[in-house]
Amino acid sequence: MPIYHPPMDNIKFILHDVLEAEKLTEIPGYEDATTELVDQILEEGGRLCENVLFPINQSGDQEGCKLENGVVTTPQGFKEAYQQFIQGGWCGVSSDPEYGGMGLPQLVNTVMQEMICSANFSFGMYPGLSQGCYEALHQFGTDEQKQTYLPKLIEGIWSGTMCLTEPHCGTDLGLIRTKAEANDNADDDCYNITGTKIFISAGEHDLTENIIHLVLARLPGAPEGVKGISLFVVPKFLPEDMGENNVVCGSIEHKMGIKASSTCVMNFEDSKGWLVGEPNKGLKAMFTMMNAARLGVAMQGLGIAEVAYQNALVYAKDRLQMR
């Protein structure tokens, strides 16, 4: 039977003896991030990972996500686990206190990411994508966009995605065809977004009230290649009245692993979107999210290595060989 125990002794050794994390309290804004507080937070997070997330890891992979009539259902136990996750404030560990976050150093959130990935890789994809969406909007969003989206993302009742790849161009974003046209009938400077994005992690699911998509698209007359890409925030439901926004999941990918993480084809058809940052500078803004994702992928590897080691050790001690 698989096991996972948060390696708290190793974590504390790395944080305090190797990295000397207590020095972070010398940085303005991090005065309260004492060794005692950080240890308490991570110990509580470790209990959540071991007792809530890990028990639904294997069953979630076996059951997988299901798509019916454009609605994705996550495996049994995921909604309940997610509610416990957001009630603990885990979506906002290192987020700006101005919008409801704890304001702790990113280092604390990074360690939490490792434990989540060890306990339940698929589950970790949902808040992980939201973190990247938060980072991009926090850096490049308007004051109105920040006030609209960041508190909900930090609270965890809304989640986020990054919509880059399209069916015809893979990773060559300079070839994207998704278009953004000014909505002349709107009074809030919104655009109509039309196109298809693929491989969108957490693109559709039943864990949150709303899903906030960050979408790369081209404005009319934009330069060719990556110099003509703009970034738009496109919510599944419109924030002002929670009306539907014509954002539809066309299918979900059938993967070899992390099947409890919904990887979606997302179709946008005259969906309302709002420009994030400057026109034709969308790739710069998106890279804020992509760089956060790169750090997240590193922690995924570390988390999987840790749980693999723990189970390999148990097997090696228990296995009988020869006589």
Side-chain angles (χ1 to χ4, degrees), residues 2-19 21 38 41-43 45-50 52-62 64-65 75 78 81-82 85 90-91 93-94 104-136 159-162 164-165 170-171 199-203 253-264 286-316:
I3 58 106
Y4 173 66
H5 303 295
M8 293 309 304
D9 289 342
N10 288 344
I11 288 172
K12 292 178 182 179
F13 171 73
I14 294 296
L15 286 181
H16 307 311
D17 294 276
V18 177
L19 298 179
V38 168
I41 289 173
L42 292 178
E43 286 169 0
R47 283 190 284 270
L48 175 75
C49 291
E50 180 177 3
V52 178
L53 303 187
F54 185 70
I56 59 172
N57 180 40
Q58 190 170 19
S59 61
D61 195 63
Q62 291 170 342
C65 292
F78 268 59
Y82 188 77
F85 188 85
W90 297 109
C91 290
V93 171
S94 60
L104 290 169
Q106 182 64 35
L107 180 62
V108 180
N109 188 56
T110 301
V111 176
M112 188 63 189
Q113 282 183 313
E114 177 200 332
M115 294 191 292
I116 293 170
C117 291
S118 288
N120 196 321
F121 194 130
S122 292
F123 182 94
M125 294 293 290
Y126 297 100
L129 268 295
S130 298
Q131 177 70 28
C133 184
Y134 159 84
E135 297 284 355
S159 60
T161 75
M162 53 190 296
L164 297 82
T165 308
T171 57
F199 306 146
I200 308 306
S201 298
E253 299 292 339
H254 301 284
K255 308 185 294 293
M256 294 178 66
I258 59 169
K259 297 175 184 175
S261 170
S262 56
T263 307
C264 304
M286 181 61 86
F287 260 98
T288 299
M289 192 174 192
M290 292 174 69
N291 287 337
R294 285 174 172 141
L295 292 174
V297 169
M299 299 319 296
Q300 287 172 344
L302 183 59
I304 290 298
E306 173 62 34
V307 72
Y309 164 74
Q310 290 189 20
N311 284 272
L313 182 62
V314 170
Y315 176 75

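In this text, all values refer to a predicted model and were calculated from it rather than measured experimentally.
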Heavy-atom pair of closest approach, residues [X] and [Y]:
{"X": "Ser118", "Y": "Tyr4", "value": "CB-CE1, 3.3 Å"}
{"X": "Ile200", "Y": "Leu164", "value": "CD1-N, 4.2 Å"}
{"X": "Ser261", "Y": "Lys255", "value": "O-NZ, 2.7 Å"}
{"X": "Ile41", "Y": "Trp90", "value": "O-CH2, 3.2 Å"}
{"X": "Ala81", "Y": "Ile56", "value": "CB-CD1, 3.7 Å"}
{"X": "Pro6", "Y": "Met115", "value": "CB-SD, 3.8 Å"}

Can any side-chain N or O of Asn311 pair as donor or acceptor with the backbone N or O of Val307 at less than 3.5 Å?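 Side chain of Asn311 to backbone of Val307: a pair is present.
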Would a distance-only check, ignoring hydrogens and angles, find a side-chain to backbone donor-acceptor pair under 3.5 Å from Glu114 to Leu302? no
Full working for side chain to side chain contact (heavy atoms under 4.5 Å, CB included) between Leu295 and Thr110: CA-CA 8 Å; Leu295 292 174; Thr110 301; over 6 Å; no
Nearest 0.5 Å, what's the [atom1]-[atom2] distance between [X] and [Y]?
{"X": "Leu53", "Y": "Asn57", "atom1": "CG", "atom2": "CG", "answer": "9.0 Å"}
{"X": "Met290", "Y": "Glu135", "atom1": "CE", "atom2": "CD", "answer": "15.0 Å"}
{"X": "Phe54", "Y": "Ile3", "atom1": "CZ", "atom2": "CD1", "answer": "7.0 Å"}
{"X": "Cys65", "Y": "Glu253", "atom1": "SG", "atom2": "CD", "answer": "12.5 Å"}
{"X": "His254", "Y": "Thr263", "atom1": "NE2", "atom2": "OG1", "answer": "11.0 Å"}
{"X": "Asn109", "Y": "Leu104", "atom1": "CG", "atom2": "CG", "answer": "9.0 Å"}

Pick out which of Pro127, Cys91, Ser130 makes a side chain to side chain contact (heavy atoms under 4.5 Å, CB included) with Ser159.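 For Ser159, the side chain to side chain contact (heavy atoms under 4.5 Å, CB included) test succeeds with only one of Pro127, Cys91, Ser130, which is Ser130.
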Report yes if the distance between the aromatic ring centroids of Tyr126 and Phe85 is under 6.0 Å, otherwise no.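 That pair fails the under 6.0 Å test.
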Assess whether side chain to side chain contact (heavy atoms under 4.5 Å, CB included) is satisfied between Cys133 and Met289, documenting all intermediate values. CA-CA 6 Å; Cys133 184; Met289 192 174 192; 3.7 Å; yes
Do Cys49 and Met112 pass the side chain to side chain contact (heavy atoms under 4.5 Å, CB included) test, and can you show the C-alpha distance, the side-chain angles, and the key distance before you say yes or no? CA-CA 9 Å; Cys49 291; Met112 188 63 189; 4.0 Å; yes
Heavy atoms, side chains only, cut-off 4.5 Å: are Pro7 and Gln310 in contact? yes
Do Asn120 and Phe78 come close enough that some side-chain heavy atom pair is under 4.5 Å?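 Answer yes - side chains close enough.
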Side chain to side chain contact (heavy atoms under 4.5 Å, CB included) between Ile116 and Gln113, worked out: CA-CA 5 Å; Ile116 293 170; Gln113 282 183 313; 5.5 Å; no
Do other residues, nucleotides or ligands put more than 12 heavy atoms under 6.0 Å from Glu43 CD? yes
Decide if atom CG of Asp17 counts as having more than 12 heavy atoms of other residues, nucleotides or ligands within a radius under 6.0 Å. yes
